[in-house]
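We use all heavy atoms of the structure for the numbers below, so side chains are in, but hydrogens, waters and symmetry mates are not. As the structure is a computational prediction, the values presented were derived from the model and not from experiment.
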Amino acid sequence: MKLLRILGLLFAAAVMVGFGLCGVFGVMIGIQPGADLGHRLNIGFFLGLAGLAICGALAWYLGSKVRKAFASPRE
């Protein structure tokens with residue numbers, strides 16, 4: 001059971017990194033500096049922001065799980 005928990009956390013970490021990279025690239029590609037103000041941001045920018053939000057949520061989830069795993073037992 002402990003092995004499945006570790007593998008689950010590793011998989012969640014890999015997914016978090018993937019969403020983070022896709023989010024950063026989406027934001028970078030989604031901004032078009034040469035366009036006029038109304039057409040400067042395309043759909044890639046907003047999808048990138050969504051990817052970064054998912055990455056942040058997964059980071060918060062992993063942080064809470066790791067903090068619980070390494071917490072000292074209360075007596």
Side-chain angles (χ1 to χ4, degrees):
M1 204 59 188
K2 198 108 162 143
L3 178 66
L4 287 177
R5 183 173 291 167
I6 292 170
L7 287 176
L9 287 176
L10 287 175
F11 180 72
V15 169
M16 180 192 70
V17 169
F19 272 113
L21 287 175
C22 289
V24 167
F25 290 139
V27 168
M28 285 175 23
I29 292 171
I31 298 174
Q32 299 174 352
D36 58 341
L37 190 59
H39 300 289
R40 187 162 296 185
L41 303 176
N42 63 12
I43 190 70
F45 177 77
F46 297 108
L47 290 175
L49 287 179
L52 288 175
I54 293 170
C55 176
L58 282 171
W60 176 80
Y61 171 76
L62 285 174
S64 67
K65 290 294 181 183
V66 168
R67 187 177 13 170
K68 256 191 230 178
F70 291 117
S72 62
R74 304 278 176 178
E75 295 179 334

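Note: M16 CE to I54 CD1 = 13.0 Å, rounded to the nearest 0.5 Å. The structure places CG of L47 at 9.0 Å from CG of N42, a figure rounded to the nearest 0.5 Å. One finds the CG atom of L21 at 9.5 Å from the CG atom of L52 (value rounded to the nearest 0.5 Å).
Under a hydrophobic-cluster definition in which Ile, Leu, Val, Met, Phe, Trp and Tyr are linked whenever side-chain heavy atoms come within less than 4.5 Å, directly or via other members, I43 and I29 are assigned to different clusters. L10 and L58 fall into different hydrophobic clusters, defined by Ile, Leu, Val, Met, Phe, Trp and Tyr side-chain heavy atoms under 4.5 Å apart, directly or through other members. Linking ILVMFWY residues whenever their side-chain heavy atoms come closer than 4.5 Å, directly or via other members, leaves L9 and L3 in distinct clusters. No chain of hydrophobic side-chain contacts below 4.5 Å, direct or via other Ile, Leu, Val, Met, Phe, Trp or Tyr residues, connects V66 to V15. Residues F25 and I31 share a single hydrophobic cluster, defined by chaining ILVMFWY side chains whose heavy atoms lie under 4.5 Å apart.
No more than 12 heavy atoms of other residues, nucleotides or ligands shown are found within 6.0 angstrom of CZ on R5.
Smallest separation of non-hydrogen atoms from L62 and A12: CD2-CB, 3.7 Å.
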